[in-house]
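Order of the sequence lines fixes the chain letters, A, B, ..., with proteins taken first and strands second; residue numbering starts at 1 for each chain.
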Protein chains: 2
Amino acid sequence: MHSAPLKVGDLARQTGLSVRTLHYYEEIGLLSPSHRTASGHRMYSAGDVARLQQIKSLRELGFSLEQITACLDKPGFSPLQTIELHLSRLREQIALEQRLCARLEGLAHVLRAGEDVSVEQLLQTIEVMTMIEKYYTPEQLAELKQRAEAIGPEKMREAESAWKTIYDDMRAEMQNGSDPKSEPVQQIVKRMRVLIDAFTGKNPEIERSLNRMRQQEPAMRDQHGMDPELHEFIGKAMR
Amino acid sequence: MHSAPLKVGDLARQTGLSVRTLHYYEEIGLLSPSHRTASGHRMYSAGDVARLQQIKSLRELGFSLEQITACLDKPGFSPLQTIELHLSRLREQIALEQRLCARLEGLAHVLRAGEDVSVEQLLQTIEVMTMIEKYYTPEQLAELKQRAEAIGPEKMREAESAWKTIYDDMRAEMQNGSDPKSEPVQQIVKRMRVLIDAFTGKNPEIERSLNRMRQQEPAMRDQHGMDPELHEFIGKAMR
DNA sequence: CTTGATCCTCACGCTACGTGAGGACCTAGC
DNA sequence: GCTAGGTCCTCACGTAGCGTGAGGATCAAG
């Protein structure tokens with residue numbers, strides 16, 4: 001009536017584990033076969049198989065072999081507490097990975113937009129992203145992301161090139177020796193206003209964050225071929 | 001103008017890494033200090049520091065040290081593809097962990113309901129849960145879960161005890177020798193119907209799954225003190 | 001009796017470092 | 001010049017959960 005004891009290979013096939021795994025489980029005292037033949041071959045009884053099933057169940061729940069050993073061998077063991085601890089850690093890890101996922105998605109998005117995906121481009125994008133995350137609150141970032149999706153990628157590229165022409169025009173005015181308060185310069189400032197409002201959504205908090213970042217991060221300016229004099233000139237023009 | 005080279009301890013403090021980590025990065029050829037003193041002390045230049053910053057950025061994105069080495073040292077390297085691969089694996093892992101989380105939550109929920117949280121209780125609950133997951137499709141499980149939440153835990157416990165009295169009453173009828181088709185037995189069947197409908201939500205798919213499980217899993221019956229004769233009797237009564 | 005499958009133990013490999021051990025070097029104060 | 005405390009060096013073992021051989025014994029079938 002009782003099933004015959006199994007050899008390692010048979011048990012391995014039956015459970016889908018490897019022979020090495022069963023050896024290891026014995027090595028750490030988690031599952032020892034209840035019998036050995038005279039020649040030293042392991043013989044697993046039905047009870048051993050049942051225990052292995054339990055081990056597999058607990059493994060699928062993500063417990064470590066050490067925890068499983070404690071759970072199965074210590075008599076007064078509280079599983080609920082262990083599970084809750086395990087759960088809290090798992091939830092934390094998921095939250096962490098989701099944040100990471102969001103960052104990677106953003107990164108992939110940016111890289112897909114530009115065609116050159118060199119390592120330098122990657123590293124600079126990362127740098128910009130971490131910098132951005134430093135200056136904006138998570139809520140602001142969510143708002144920015146939402147607005148970016150509403151606007152669409154073509155409009156984003158248009159804005160990108162609009163900034164370039166604005167900088168070119170500004171530089172031309174500066175090299176002409178124009179007064180920052182003069183009419184043609186103020187016209188360019190109006191074009192900047194439109195773009196900035198499109199970016200910030202006229203949210204004053206976001207505009208403050210943007211200004212803080214522009215002031216404190218010299219690396220940001222280099223991106224668009226911005227030099228200190230031009231920066232100074234634009235600063236005057238915007239007042 | 002250029003910053004002085006740093007010793008390991010200084011670099012470690014500056015980056016928040018450990019000295020051992022920096023030693024290790026050199027060991028695997030990821031970051032070697034560009035100079036050593038005559039006595040063998042490592043001296044990290046500003047360029048080394050910059051490279052370390054890049055390494056840190058890529059590490060925060062979850063890349064392995066081997067991937068980072070490849071990324072930084074091979075000239076023709078496509079980051080986008082790597083990131084997308086990384087992303088897909090990460091998303092898969094998150095999905096896996098979320099399923100695991102749901103299972104652990106269900107487990108914790110069941111364990112909190114009953115007061116005895118012994119290891120046997122835990123293992124039996126796991127067994128029942130995996131069995132349930134085998135017979136119902138994920139959509140059906142979601143439906144069941146939703147209904148369970150709508151009903152609330154007290155009603156669940158009421159249903160639990162209602163089942164017990166139904167089994168008791170049925171057993172009494174059986175031991176009285178009643179005909180399964182007789183009026184009092186059919187009254188009990190009606191009470192069963194109500195409970196089953198409450199569980200299945202009158203969804204015929206779910207009822208089919210339930211019947212399949214009841215037929216194929218003898219272990220399920222033992223839970224409520226069900227024996228083969230009683231099972232047989234109830235089967236006749238329900239036709 | 002041979003042959004191929006299976007079994008045994010031993011032992012190194014993997015990741016990304018932590019944690020000493022034992023000894024050389026550096027800087028400050030005396 | 002000497003000492004003391006801090007910092008540096010290399011070497012080497014430990015982690016979790018096995019994978020992957022090496023080299024040899026045992027088993028079941030023909």
Side-chain angles (χ1 to χ4, degrees), chain A residues 4-45 48 52 54-72 82 86 89-90 93 96 100, chain B residues 4-45 48 51-52 54-72 86 89-90 93 96 100:
Chain A
L6 292 165
K7 302 209 289 181
V8 262
D10 298 332
L11 183 56
R13 263 186 296 279
Q14 202 183 81
T15 59
L17 300 174
S18 71
V19 172
R20 173 67 178 125
T21 298
L22 295 171
H23 283 181
Y24 182 65
Y25 285 179
E26 185 179 2
E27 197 177 318
I28 62 171
L30 178 54
L31 176 69
S32 300
S34 45
H35 182 59
R36 289 247 192 172
T37 68
S39 57
H41 289 197
R42 293 166 177 81
M43 301 305 279
Y44 292 88
S45 73
D48 298 335
L52 184 55
Q54 297 176 344
I55 292 169
K56 274 189 67 182
S57 294
L58 292 170
R59 275 252 75 186
E60 277 167 24
L61 292 178
F63 289 100
S64 72
L65 298 183
E66 195 179 348
Q67 285 175 316
I68 295 173
T69 310
C71 179
L72 293 178
T82 310
H86 193 56
R89 276 193 306 226
L90 186 60
Q93 193 183 336
L96 232 158
L100 177 56
Chain B
L6 293 166
K7 302 209 287 183
V8 262
D10 298 331
L11 183 55
R13 263 186 297 279
Q14 199 183 85
T15 59
L17 300 174
S18 71
V19 172
R20 174 66 177 124
T21 297
L22 295 171
H23 283 180
Y24 181 65
Y25 285 178
E26 183 178 4
E27 196 178 317
I28 62 171
L30 178 54
L31 176 71
S32 300
S34 46
H35 181 59
R36 289 246 194 173
T37 67
S39 57
H41 289 198
R42 292 165 177 82
M43 301 305 279
Y44 292 88
S45 73
D48 298 335
R51 186 179 167 98
L52 184 56
Q54 297 176 344
I55 292 168
K56 273 189 67 181
S57 295
L58 292 170
R59 275 251 72 189
E60 276 167 27
L61 292 179
F63 290 101
S64 71
L65 298 183
E66 194 179 349
Q67 285 175 316
I68 295 173
T69 310
C71 181
L72 292 178
H86 192 56
R89 276 193 305 225
L90 186 60
Q93 193 183 336
L96 233 157
L100 178 57

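- Regarding B:Arg42, its CZ atom lies at a distance of 15 Å from the P atom of C:dC26, rounded to whole Å.
- Remark: A:Arg36 pairs with A:Glu26 by the side chain to side chain donor-acceptor pair (under 3.5 Å) rule, at least two apart or across chains.
- For the side chain to side chain donor-acceptor pair (under 3.5 Å) test, residues two or more places apart in sequence or in another chain that qualify with B:Ser45 are B:Ser34, B:Asp48.
- Residues satisfying the side chain to side chain contact (heavy atoms under 4.5 Å, CB included) test with B:Gln67, not counting sequence neighbours, are B:Phe63, B:Ser64, B:Thr82, B:Arg89.
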For nucleotides 23-30 of chain D, give me every protein contact, N/O to N/O, under 3.5 Å, one pair per line with atom names.
residue	atom	partner	partner atom	Å
D:dT26	O3'	A:Ser39	OG	3.4
D:dC27	OP1	A:Ser39	OG	3.1

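- A search for ring pair (Phe, Tyr, Trp, His ring centres under 6.0 Å) contacts involving B:Tyr25 returns nothing, not counting sequence neighbours.
- Every side chain to side chain contact (heavy atoms under 4.5 Å, CB included) that B:Thr15 has, sequence neighbours left out, goes to B:Leu11, B:Leu17, B:Leu52, B:Gln53, B:Lys56.
- Listed by chain and number, the residues in a side chain to side chain contact (heavy atoms under 4.5 Å, CB included) with B:Ile28 are B:Tyr24, B:Leu30, B:Leu65 (sequence neighbours excluded).
- Rounded to an integer number of Å, the gap from B:Leu11 CG to D:dC8 P is 10 Å.
- Nearest heavy-atom pair, B:Leu61 versus B:His86, reported as atom, atom and distance to 0.1 Å: O-NE2, 3.0 Å.
- Shown here are the side chain to side chain donor-acceptor pair (under 3.5 Å) partners of B:Arg13, two or more places apart in sequence or in another chain: B:Asp10.
- D:dC18 atom C1' lies 15 Å from atom CD1 of A:Ile55, rounded to whole Å.
- In this structure, CD of A:Gln14 is placed 17 Å from C1' of C:dT6, rounded to the nearest angstrom.
- With sequence neighbours left out, the side chain to side chain donor-acceptor pair (under 3.5 Å) criterion links A:His35 to no other residue.
- For A:Arg20, the salt bridge (charged side-chain N to carboxylate O under 4.0 Å, His left out) partners two or more places apart in sequence, or in a different chain, are A:Glu27.
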Original post:
Which letters describe nucleotides 10-21 of chain C, given B = protein heavy atom under 4.0 Å from base, S = only from sugar-phosphate, - = neither?
Top reply: -B---SBBBB--
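- One end of the helix from C:dC1-D:dG30 to C:dC30-D:dG1 points its axis 30° away from the other end's axis, with each axis taken from 5 pairs and the angle rounded to 10°.
- We find that CG of A:Leu22 is positioned 14 Å from C1' of C:dC8, with the value rounded to whole Å.
- Residues A:Thr37 and A:Lys7 form no side-chain contact, since every pair of their non-hydrogen atoms from C-beta on lies 4.5 Å or further apart.
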